[in-house]
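Working notes, structure below.
Here is how names work: the chains are called A, B, and so on, in the same order as the sequence lines, proteins then strands, and each is numbered from 1.
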Amino acid sequence: MSTTETPSSDRPSKRTKMDGSSSSSSAPPPPGPPPGPPPQPPKENPYLSHLPVEQRFTSSSNSTSTSDPLAGLIPRKVTGKQARAVMEGDINPFSSTPKPFSQKYRDILAKRKDLPVYAQMDEFYEKFNSNQIMVMIGETGSGKTTQIPQFVAYSDLPHTTKQKGPDGILAPRMIACTQPRRVAAMSVAKRVADEMDVSLGKEVGYTIRFEDATERRTTFLKYMTDGMLLREAMNDHNLERYSAIILDEAHERTLATDILMGLLKEVVARRPDLKLIVMSATLDALKFQKYFNNAPLLKVPGRTFPVETFYTPEPEPDYLEAAIRTVLMIHQAEDAGDILVFLTGEEEIEDACKKIKAEADELANTNPDLCGPLKVVPLYSSLPPAQQQRIFEPAPAPLTEGGPPGRKVVVSTNIAETSLTIDGIVYVVDPGFSKQKVYNPRIRVESLLVSPISKASAQQRAGRAGRTRPGKCFRLYTEKDWANELIEQSYPEILRSNLANTVLELKKLGIDNLVTFDYMDPPAPETIMRALELLNYLAAFDDDGNLTPLGEIMAEFPLDPQLAKMLIVSPEFKCSNEILTIAAMLSVPNVFVRPNSQRQQADAAKAEFSHPDGDHLTLLNVYHAYKTNCPDASTASQWCWQNYLSHRALMQADNVRNQLQRTMERFDLDLCSTPFEDKRYYINIRQAIACGFFMQVAHKEGGTKGGYTTIKDNQVVSPHPSSSLDHTPEFVLYHEFVLTTRNYIRTITEVRPEWLLEFAPAYYNPNNMEGEVKRIMQGILAKKGVGSSSKKKRV
DNA sequence: GAGCACTGC
């Protein structure tokens, strides 16, 4: 051990320097041992970090509390009284190197004590200690998301019960808390790290796609997206790294949460040591309790301001017009306070913003004594972040001092219902509609439909008016309709989605029977059948419904099965570099920007990248141009702007591509390209795509010009007008079927019927086909019989 | 000749 620099001599000298009180930073170190250290709190001795907490402190005659702050606490027998004593004690037992609590910690603790959930700590520990599963209901402002995981930490004491993982590393058994959204996982983790007086990414961390802010040896509390925990479960069916799992926002019923609930119900039965807490905001607790074997309920009140609700006396024939009228009415008649209006989509919102602005300006001009200035701000997810930020700008000031107040109106999609919170909203206008995803298994199409919202949604919307002070909510439907027409809860996502991906994941999670799996809400059998059928055609499942080796690998890619398949086969076509790009570009939002005022310029810019054989190749061109022309971030944003491309989406594509490439490497899948000069360069790429998407092909109708019919379901479809395909080939492969004003196929590429027969012979067996396609396929097969000899001749 | 509700891996 070194004798020149002991921990005790190091600290005082450092302190002098930091204070700036030393005359010169280049002053030589004081000769010999420094004078004895001044009285200070117990110090941790870094050479003793292998010892239990209480022995790690350097004994000093002045220090009074050298005992373990956790002395007497038995994991999972901890009481509220004990936990409070530690929280209010001197030493932070959770920091990796124990140290006294900071002043900041004490300030935050004082505020935490005001949270409704804090008052129920004793009740929480009673239920937590004696039950494996519990259900918690806490409305907005109860503090459940930040406090409950901490309460669990005080009971599990995860840092004192480390275990060796398969890699031999000694790590704490973690507490996981899942969130449906990335931003929530990040921001809550940050907040809780502050509350516990530890560093983010060390003791308390978060894991979201593309970002892992945790440390294997030290992290014991981890916030994560629900999808991320599901990914982890695919390779660790018992979730052995966790001692407790908290599913937050379970009422949102995301696909990932629903699958996790079914899975955890099984895991909990296999692992009696695993605790599960399901947290929800709604009153539908009974359903959760019943599902989880009558688990006990802890109910915590919320903390929001009252919101007064108004209904229209008669049904409104035109909700858009009614919404605009209501905004102007509020503006003229109500006290100061901002307005939030819920509409269904981008076009509707932009339209409403224009109309509100025009009418409000006129009102302010003709009647300046009655109406202040109005600032109208649109909000939807595809809006660039800078414009989204406008919702946080303050309301305009009155035009004249003491005149009628200025007001801000935010016209938003559902994004303001859960994902984004705007402070200062006092009035909410709720027409009662939103766009919702629906899945039709019969024609295998997901589409968006404007539908009435649920009561739970309506309550959530109203609640947005009461975040900072009492508010008002104007519902543009009658009270009778509220009572009789609105359903209690929105249908969970699992009932509204194509489940191809989910079924693959479930198999990979070790679920044998997908039909008898204990779903909280079982999807339609037909939806599962459609998924099984697709996965069987893609050779991910064998005929007995078991995962094939190919299926095992497909499940590891964060992609739809079709995309995963084309990526995995791409090395066989010598084009995996290119397919990686295409898969990434298809996984991010549209890269083409088309402002209403500059459509022609935008279309011209897009034409520069167009590939005549199809949109997939156009996407490849865009990515190549982006990488070639944008060596660094500063030039990238300008180049994207000039070319009417979304920089955000392209950066995201780059991220996704890197992640996919790492997965390819993990499975030793070759990264290769056909030389660009080779005439097979594009053919190889199109063939690889066909291997994944042979089930999404349309055939040109004999009669109508430019019209197509899908092969399996005989749906009449039109190529989407945005397509770069410059001709109408006999067969086109499409990435998406979109149901709007008409049936469109979007992102399309020409394919040859010969390829379809070669790469998907079972699917294109003429015996299963009808009409013209059947004849074409028969013709090719007949020719092939002859053709095989001519091929030999050529070789 | 049209649209992208919202998330997530």
Side-chain angles (χ1 to χ4, degrees), chain A residues 178-185 207-212 224-235 249 252-260 342-351 378-384 412-420 433-438 446-451 453 457 460 490 492-493 496-497 501-502 504-505 508-509 554-561 563-564 583-584 587-596 599-600 602-603 646 649 652 655-656 659-660 662-663 706 718-723 736 738-746:
Chain A
T178 67
Q179 297 293 320
R181 282 167 291 279
R182 299 160 50 98
V183 271
T207 303
I208 57 180
R209 188 184 186 183
F210 305 128
E211 208 181 330
D212 182 10
M224 65 204 300
T225 45
D226 47 13
M228 206 69 215
L229 185 63
L230 204 55
R231 284 267 139 197
E232 286 189 8
M234 292 199 323
N235 291 308
E249 314 288 2
E252 290 194 24
R253 303 292 305 276
T254 66
L255 247 173
T257 296
D258 266 28
I259 299 303
L260 278 172
F342 285 100
L343 292 177
T344 64
E346 172 177 346
E347 204 177 332
E348 195 177 84
I349 286 169
E350 293 292 354
D351 184 38
L379 177 65
Y380 42 87
S381 76
S382 58
L383 213 58
S412 171
T413 61
N414 260 357
I415 193 169
E417 199 178 297
T418 47
S419 307
L420 272 171
F433 291 96
S434 71
K435 273 190 191 169
Q436 289 165 32
K437 186 171 72 179
V438 288
E446 272 184 358
S447 51
L448 287 171
L449 212 64
V450 174
S451 325
I453 59 171
S457 268
Q460 177 75 18
S490 310
E493 202 183 356
R496 297 183 287 116
S497 307
N501 219 346
T502 306
L504 184 61
E505 277 170 7
K508 180 80 184 175
L509 287 164
M554 279 169 64
E556 294 280 343
F557 284 93
L559 293 173
D560 279 340
L563 289 169
S587 305
V588 300
N590 191 3
V591 294
F592 298 106
V593 178
R594 198 166 182 258
N596 273 337
R599 288 185 187 176
Q600 283 185 346
D603 289 346
S646 157
Q652 218 177 318
N655 249 341
V656 173
Q659 190 189 31
L660 296 176
R662 285 195 299 274
T663 311
S718 310
H720 196 271
S722 65
S723 177
E736 268 181 309
V738 279
L739 191 67
T740 52
T741 47
R742 291 161 74 181
N743 288 340
Y744 287 107
I745 47 175
R746 193 161 51 189

Using a 4.0 Å heavy-atom cut-off across all strands, classify [X] as base, sugar-phosphate, or nothing.
X        : result
A:Thr344 : sugar-phosphate
A:Leu448 : base
A:Arg253 : nothing
A:Glu347 : base
A:Asn414 : nothing
A:Tyr380 : sugar-phosphate
A:Ser382 : base
A:Thr418 : nothing
A:Ile208 : sugar-phosphate

Test ring pair (Phe, Tyr, Trp, His ring centres under 6.0 Å) applied to A:Tyr744 - qualifying residues, sequence neighbours left out: A:His720
Which residues pass the ring pair (Phe, Tyr, Trp, His ring centres under 6.0 Å) test with A:Phe433, not counting sequence neighbours? A:Tyr319
Quick test of your reading of the model: are A:Glu252 and A:Arg181 salt-bridged, counting only N-O distances below 4.0 Å?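 Salt bridge flag = yes for A:Arg181 with A:Glu252.
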Among residues at least two apart in sequence or on other chains, which ones pass side chain to side chain contact (heavy atoms under 4.5 Å, CB included) with A:Asn590?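 Partners of A:Asn590 under the side chain to side chain contact (heavy atoms under 4.5 Å, CB included) test: A:Phe592.
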Start at the 5' end of DNA chain B and walk down; is the nucleotide closest to A:Arg594 or to A:Arg181 reached first?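 Final value for this comparison: A:Arg594.
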Could you pick out which residue, A:Arg496 or A:Leu559, lies toward the 5' side of DNA chain B when each is mapped onto its nearest nucleotide? A:Arg496
Identify, with sequence neighbours excluded, every residue that meets salt bridge (charged side-chain N to carboxylate O under 4.0 Å, His left out) alongside A:Lys508.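 A:Lys508 satisfies salt bridge (charged side-chain N to carboxylate O under 4.0 Å, His left out) with A:Glu552, A:Glu556 once adjacent residues are dropped.
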Residues in salt bridge (charged side-chain N to carboxylate O under 4.0 Å, His left out) contact with A:Arg182, at least two apart in sequence or another chain: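 Result, salt bridge (charged side-chain N to carboxylate O under 4.0 Å, His left out) vs A:Arg182: none returned.
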Quick check: does any side chain N or O of A:Arg496 sit under 3.5 Å from a backbone N or O of A:Lys437, one acting as donor and the other as acceptor? yes
Span of DNA chain B in contact with chain A (heavy atoms, under 4.0 Å): B:dG1 to B:dC9
